[in-house]
Colleague: 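This is the structure I want to talk about, given as structure tokens.
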Amino acid sequence: MSIEVKNLNKTFNGFKAVQNISLKLESGSLVALLGPSGSGKSTLLRMIAGLEIPDTGEILLTGREATHVSAKERNVGFVFQHYALFKHMTVFENIAFGLRVRKQSEKQIRDRVHELLSLIQLSGLDKRYPSQLSGGQRQRVAVARALAPRPGVLLLDEPFGALDAKVREELREWILRLHEESHVTTLFVTHDQNEALEVASRILIMNNGKIEQDGTPIEIFDHPATHFIAQFVGETNYIDTEVTEKGLAVWGPFRFSIDPKFAPHQKIRIYFRPHDVYVTESFETLQVKARIKKTRFKGTVIEYLLDIGEDKSIFAQVPKGVALASGFKENQDVYAAITAYHVFPL
Amino acid sequence: MNFQKSRVLPGFGLAMGLTLTYLCLIVLFPLAALVLKTSALSWGQFVQEVASPRVMASYRLTFGASFVAALCNSVFGAVLAWVLVRYDFPGRQVVDALIDLPFALPTAVAGITLTAIYAPNGVIGKLFAPLGISIAYTPLGITLALIFIGLPFVVRTLQPVLESLDPEMEKAAVSLGATRWYTVTRVVLPSLLPAWITGFSLAFARAVGEYGSVVFISGNMPMKTEITPLIIITKLEQYDYAGATAVGLVMLVISFCLLLTINWVQEHMGRYRAH
Amino acid sequence: MPETLKMTFKDKPNDPTKTLTEPRWVRWALVSLALLFVGLFLVLPLVEVFSAAFDKGFTYYLSVVRDPVALSAIQLTLISALFSVVLNTIFGLASAWAITKFQFPGKNLLITLIDIPFSVSPVVAGLIYVLLFGLQGIWGPWLAAHNIHVIFAVPGIILATIFVTFPFVSRELIPLMQEQGSDEEEAALVLGAGGWQIFWKVTLPNIQWGLLYGVILCNARAMGEFGAVSVVSGHIRGLTDTLPLHVEILYNEYNFTAAFAVASLLTFLAIVTLVAKSLVGAKYEQEKQVLPTSLESERTV
């Protein structure tokens, strides 16, 4: 089932939660809706499910107008942030619910529930109640319950939000595999960029009720479309300066070649990621002198605060292996170059 | 209207329609009848009815006794709530369940029972009779009956608040060097205040309107032990509908004011309780 | 420097728990005071009712309770309680559904209006029905012309009872359903369930104990109501007498033992109510607890 949204708007008590959003998801895709809290991503998801009614705009499911179709008739699967499992029903009855309201035969129900139980690797727990399950297990039951009536679309609202780091990791893998097997069009909301980058094949980034960028994880990461995305996705340095002459900006010892569309003396902000700062012990071409002021251990990388003179400093990240081999330490003189950066007008 | 469109769950029309219809039929229309009937009186007549010496005496008695009873309940209710939440003693659960007895016991039963106990020949009345103190058929007896029916309000509003108080708060006070007395009076009791006021107002409001438990023990002497609800009944029995209606409206307005006060207290003073 | 450090440690109490509770004598005094108060105000009346009821022996007790007038009072009490429990339960469910599942202007006003019968004196509650349906009332002449009796008849008693017990069920359900939220209902809707299916299969099982709790309170008040019913009843023996009114009549006839015998039936009902309330109350407390979704749950399982 494909999803299409045209010019969607939703206002709550004067707060514009969703502003004029249009998008199209192909059947079978796995897409993440990424954004900070309050960006309107959950509202958009709930409107697609029919749990909120848009003020204006259209929603089409498989090309068919669905804006005013009840949530009951839309045939979408929805996984709630806090699972919303029926607490007084067993795991079996939770998963069977969507089949029972469709008046399927007892045998059909039993077969489908057991098929899903093995898919979510919880066979044998069918008689448990939600309160007897762990958070990760509850989440999987919620997914199975949503999938049971074979929905055309699976919508997940912060599916891993309430779980601890290790369980999140496992469930990410599991969702990927589930999608490969079922090929159901999947849209999930998250505020965790790693989750979006790792799981989705396409990411929509929302901010203030609008979609700021729509692209593959690599596009988003390497070619942020706006200031917001450059700051929101991944760690970044930014510097404010102005265009020195056509095609060139200078900041401290660094020289950046920039798009000739920027006029001389225009104010600009340049973003570059700490891991795009190339640090060596001995000079290589285009590098500038720097001094390590502070080091911070960050697991797989080591982060340095580099003093580059003129009262200016930047962060650089070096893979741990490289850093240890080079033996960088505080107050050591090194050389640095910025290998990738993005320029936005201020 | 716009909000009509945004209903996602079904059943709003049915549920709202039922609610409003039933509310109007049972509560609002009959109450409107009281206002309507009173408006048939002239202002002079109305004042004459609601401010006659006998009625004024009944207000003094009703509000005075209710106030004293609510005050007693605030003290003993707080002790009971404290003891039930903080201490463990044999029979605690039975006592806890018994607190609701005045809710569950029909007021007429409470009335005749309290009268029997406090009458000059009753279990307790007997002890006071030789001292020349009579309890039943005096304002004292009325107050005792009102203490009985108002007791659960204070206990039941204080109990949950006391239970939800963060014990860390008291530990923090102690770690800062506070004595127990200081901790209780300066840390614990102030945070109970909104609930305390609510409990007091609820007990007071209930007492003002109370009839069944009071009418037997009061003796019903005009000007002396006649409560306002009884005045309404007496006037009705004498087919003095105008008088009953006017006094009834005064009672109604007073209970509205009390209801609004209670809501206001809960909304504005309970704010810091939510944390 | 070390000197002063030592000093501050010495200043601290040896037993930190000592300052977290009261001295033993205070605790002892407070518990005694509480028990004395409960004994005097709650236990003594209970004892008094039963001892007075059996004052003239068990045979006399049975004859009072089996008296046809008493039996008809029991019947009327049951009928009016049945009406108010059923109608107020339906109302409670409908109002709680409308108030907790939807947003609409005037919601707080509606909640306040529902609470009105709690704050109105029972005597005023009776009075308003007399003013509406009595002979001097607004609809009185019309009703009399059509030979319909409301006041001094069974319908008036039922109406007055419904009024005083009006908010009992909705008062329990509104906060409970607000606490539980609408997530489960929304989940059922997306799964294709209709309105009644959602109500019967999802909502009702989640609120069953709260509902029962409200019904118990509603029933106890309905069976015991005195003031409101007294105004509209007319005290016609065997016809418009509920149990509490029957107690009054016997008492006013100085037939104290009989009055207490009937009162003991109502007291027994009150005790049953208290027991049922404690039993259901425990389940109700569990129902109020929302399923934890925090990291905590990951570790406890």
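In the text below, chain A, chain B and the rest are named by the order of the sequence lines, each starting its count at 1.
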Colleague: Between A:Arg74 and C:Gly192 (side chain of the first, backbone of the second, donor and acceptor by atom type, cut-off under 3.5 Å), is there such a pair?
Modeller: no
Colleague: Do the side chain of A:His88 and the main chain of C:Lys201 share a donor and acceptor less than 3.5 angstrom apart?
Modeller: yes
Colleague: When you look at CZ of C:Phe83, are more than 12 heavy atoms from neighbouring residues, nucleotides or ligands closer to it than 6.0 Å?
Modeller: no
Colleague: Side chain, backbone, both or neither: which part of A:Phe86 has a non-hydrogen atom closer than 4.5 Å to chain C?
Modeller: both
Colleague: Answer yes or no: does atom CD of C:Gln178 have more than 12 heavy-atom neighbours from other residues, nucleotides or ligands under 6.0 Å?
Modeller: yes
Colleague: At a 4.5 Å cut-off on heavy atoms, which part of C:Glu186 comes close to chain A: side chain, backbone, both, or neither?
Modeller: both
Colleague: Test side-chain contact (heavy atoms from CB on, under 4.5 Å) on C:Glu184 and A:Lys87 and set out the steps.
Modeller: CA-CA 9 Å; C:Glu184 288 188 37; A:Lys87 354 181 216 313; 2.8 Å; yes
Colleague: Return the minimal non-hydrogen interatomic distance between C:Leu189 and A:Leu51, and the atom names on each side.
Modeller: CD2-CD2, 4.3 Å
Colleague: Quick one: closest heavy-atom pair of A:Val101 and C:Leu191, and the distance?
Modeller: CG2-O, 3.5 Å
Colleague: Mind listing the closest non-hydrogen atom pair of A:Ala84 and C:Ala187 along with its distance?
Modeller: O-CB, 4.0 Å
Colleague: May I ask you to check whether over 12 heavy atoms, not counting those of C:Phe268, lie within 6.0 Å of atom CZ?
Modeller: no
Colleague: Is the count of non-hydrogen atoms from other residues, nucleotides or ligands lying under 6.0 Å from C:Lys283 atom NZ greater than 12?
Modeller: no
Colleague: Give the intermediate values and the outcome of side-chain contact (heavy atoms from CB on, under 4.5 Å) for residues C:Val202 and A:Phe97.
Modeller: CA-CA 10 Å; C:Val202 177; A:Phe97 188 88; 4.0 Å; yes
Colleague: If contact means a heavy atom pair closer than 4.5 Å, which residues of residues 140-156 of chain A contact chain C?
Modeller: A:Arg145, A:Ala146, A:Pro149
